[in-house]
Chemist: 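Mind looking over this structure? Questions follow.
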There are 2 protein chains.
Amino acid sequence: MEIPSSAPLLDRETKASERPGDHKDELRLWLRMLTCSTLIESEIRTRLREEFKTTLPRFDLMAQLEKSTTGMTVGEVSQRLMVSNGNVTAVVAGLLADGLVDKRPAAQDRRVQVLTLTAQGRRAFRAMAERHEGWIAELFAGLGAAEIGQLFRLLGQTKASLHQAIGKRQNGTPATAGDDE
Amino acid sequence: MEIPSSAPLLDRETKASERPGDHKDELRLWLRMLTCSTLIESEIRTRLREEFKTTLPRFDLMAQLEKSTTGMTVGEVSQRLMVSNGNVTAVVAGLLADGLVDKRPAAQDRRVQVLTLTAQGRRAFRAMAERHEGWIAELFAGLGAAEIGQLFRLLGQTKASLHQAIGKRQNGTPATAGDDE
DNA sequence: CGAAATCATTTTAAGCCTGAAATAATTTTG
DNA sequence: CAAAATTATTTCAGGCTTAAAATGATTTCG
């Protein structure tokens with residue numbers, strides 16, 4: 001089984017990145033990123049349930065409202081959290097029932113519903129947010145400050161690459177709490 | 001309201017990492033990672049739906065089975081995908097109905113159900129997997145080979161940190177396809 | 001003005017996902 | 001050997017999520 005003389009010189013012992021049409025490195029990177037996200041997410045879910053008897057979607061939604069003094073519309077929240085409008089409607093329904101969120105039509109435009117945290121909701125969220133920040137720090141404790149910075153920077157490039165590839169068709173930003181810009 | 005003279009000298013103009021009890025950097029890192037994961041995931045979901053009329057959970061499950069020549073049990077798949085057993089049962093039900101997966105009790109231990117791809121399932125998966133790899137490459141096209149490697153390494157450290165913090169209570173690895181080790 | 005287009009939200013139908021309880025099979029051990 | 005413990009899976013109730021259709025309100029523009 002001879003290698004034809006016209007074959008590229010790197011049929012064996014070649015770096016993956018040099019194989020044309022091969023994208024195994026990107027795939028492995030994505031799988032590893034997904035593993036990390038999934039591990040973090042499910043750990044946070046578990047702790048929110050055990051310690052506060054609540055869920056991540058509720059926490060995320062409250063986090064968005066907490067950052068806004070004037071309240072947010074359903075559409076704004078849905079863009080921020082990168083979920084559908086219908087989903088926001090559904091999650092808000094639960095928070096309304098628990099008295100954590102208030103919903104009322106806007107004065108100027110009665111199509112839009114303005115969502116705000118109630119006083120109770122604000123209290124509840126702040127207690128959770130403090131613990132949440134600690135949990136995240138704990139999970140990343142194995143990384144030094146320099147590594148955290150480097151990772152943050154590389155993920156910034158990744159985010160730019162994604163927006164480039166997706167073509168800005170979708171917008172909206174993160175979930176869970178706060179922005180990352 | 002005077003600052004006591006014993007106060008640390010860095011009450012203002014201090015790096016976040018120097019503020020004791022402050023973990024905003026870790027939080028921002030997590031939010032950025034989550035943004036990236038969510039963007040990739042929902043783009044892949046959309047394309048799987050539009051191009052193959054299927055869903056990510058089904059694709060993920062088939063990806064696991066495709067890697068195993070001898071088949072996998074429900075429990076193995078659930079560990080790999082980091083989802084509950086009940087979830088695997090439910091997703092498998094759909095794949096069974098579509099003739100993509102086969103399920104039969106193991107000969108030696110009749111508690112376990114062995115899952116395998118059917119010939120049709122294997123064909124369908126391979127077509128999807130090829131496209132999938134291309135999509136991922138496209139999404140990461142803004143990163144060079146060195147950056148991909150660096151990111152992969154840092155996420156490896158992150159993964160180790162997570163396992164450390166979570167205490168190996170849970171195990172299991174990634175989702176979507178293949179391993180990242 | 002008023003019809004048409006646009007926009008924000010809700011509803012609907014279907015599927016995913018979880019933790020906990022139930023079921024069924026195997027292994028351990030007194 | 002048989003009761004008890006363990007293990008694998010399924011069932012269940014409840015909540016999340018989506019895309020698409022429906023509803024209701026506002027804006028555009030003929």
Side-chain angles (χ1 to χ4, degrees), chain A residues 37-38 41-62 71-98 101 103-115 169-170 172 175-176, chain B residues 37-38 41-50 53-62 71-98 101 103-115 169-170 172 175-176:
Chain A
S37 293
T38 305
E41 249 197 67
S42 67
E43 186 65 15
I44 298 300
R45 269 179 214 278
T46 299
R47 294 188 185 194
L48 281 174
R49 177 170 40 78
E50 290 180 349
E51 195 157 327
F52 295 105
K53 304 202 185 323
T54 191
T55 65
L56 189 51
R58 285 178 201 214
F59 178 77
D60 286 347
L61 205 154
M62 292 174 78
M72 294 174 80
T73 69
V74 171
E76 285 166 348
V77 172
S78 114
Q79 275 204 326
R80 279 304 207 175
L81 298 180
M82 300 194 278
V83 300
S84 67
N85 285 342
N87 184 20
V88 172
T89 299
V91 174
V92 163
L95 293 169
L96 282 170
D98 292 350
V101 158
K103 174 169 95 169
R104 56 188 53 179
Q108 323 84 322
D109 183 342
R110 276 174 317 185
R111 286 173 305 181
V112 313
Q113 298 286 331
V114 177
L115 306 171
R169 274 180 281 140
Q170 282 111 314
T176 282
Chain B
S37 293
T38 304
E41 249 196 67
S42 66
E43 186 65 16
I44 298 301
R45 270 179 214 279
T46 300
R47 296 189 184 194
L48 280 175
R49 178 169 40 76
E50 291 180 349
K53 305 203 183 325
T54 192
T55 65
L56 189 51
R58 285 178 202 214
F59 178 77
D60 287 347
L61 205 154
M62 291 174 79
M72 295 175 79
T73 69
V74 171
E76 286 166 348
V77 172
S78 114
Q79 276 203 327
R80 278 303 206 177
L81 298 181
M82 298 193 278
V83 299
S84 67
N85 283 343
N87 185 22
V88 172
T89 298
V91 175
V92 163
L95 293 170
L96 281 171
D98 292 350
V101 158
K103 175 169 92 168
R104 55 189 53 180
Q108 323 84 324
D109 184 342
R110 277 173 320 186
R111 286 172 305 181
V112 314
Q113 298 285 333
V114 177
L115 305 172
R169 275 180 280 140
Q170 283 113 311
T176 281

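Please read these numbers as outputs of a predicted model, since none were measured by experiment. So you know, we letter chains A, B, ... as the sequences are listed, proteins then strands, and number each from 1.
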Chemist: Please enumerate all residues that pass side-chain contact (heavy atoms from CB on, under 4.5 Å) together with A:Val91, with sequence neighbours excluded.
Modeler: A:Pro57, A:Arg58, A:Leu61, A:Asn87, A:Leu95
Chemist: What pairs with A:Ser37 under side-chain hydrogen bond (donor to acceptor under 3.5 Å, both in side chains), at least two apart in sequence or on another chain?
Modeler: B:Ser37
Chemist: Output the rounded distance in Å from CG (B:Leu56) to P (D:dT18).
Modeler: 13 Å
Chemist: Taking all atoms of both residues into account, what is the closest heavy-atom pair of B:Val74 and B:Val88, and its distance?
Modeler: CG1-CG1, 3.8 Å
Chemist: D:dA19, OP1 or OP2 - any side-chain N/O from B:Arg49 closer than 4.0 Å?
Modeler: yes
Chemist: Can you name the residues that form a side-chain hydrogen bond (donor to acceptor under 3.5 Å, both in side chains) with B:Thr73, not counting sequence neighbours?
Modeler: none
Chemist: Between which nucleotides of DNA chain C, read 5' to 3', does contact with chain B run, using atoms under 4.0 Å from its heavy atoms?
Modeler: C:dC16 to C:dT26
Chemist: Who passes side-chain contact (heavy atoms from CB on, under 4.5 Å) against B:Ala106, sequence neighbours left out?
Modeler: B:Gln108, B:Val112, B:Val114
Chemist: What string of B, S and - do you get for nucleotides 3-16 of chain D, 5' to 3', if B is base contact, S is sugar-phosphate-only contact and - is no contact with any protein heavy atom under 4.0 Å?
Modeler: ----BSBBB----S
Chemist: Who passes salt bridge (Lys or Arg N to Asp or Glu O under 4.0 Å) against A:Arg111, sequence neighbours left out?
Modeler: A:Asp109
Chemist: Which residues pass the salt bridge (Lys or Arg N to Asp or Glu O under 4.0 Å) test with B:Arg45, sequence neighbours left out?
Modeler: B:Glu41
Chemist: Output all residues satisfying side-chain hydrogen bond (donor to acceptor under 3.5 Å, both in side chains) with B:Thr54, sequence neighbours left out; order by chain, then residue number.
Modeler: none
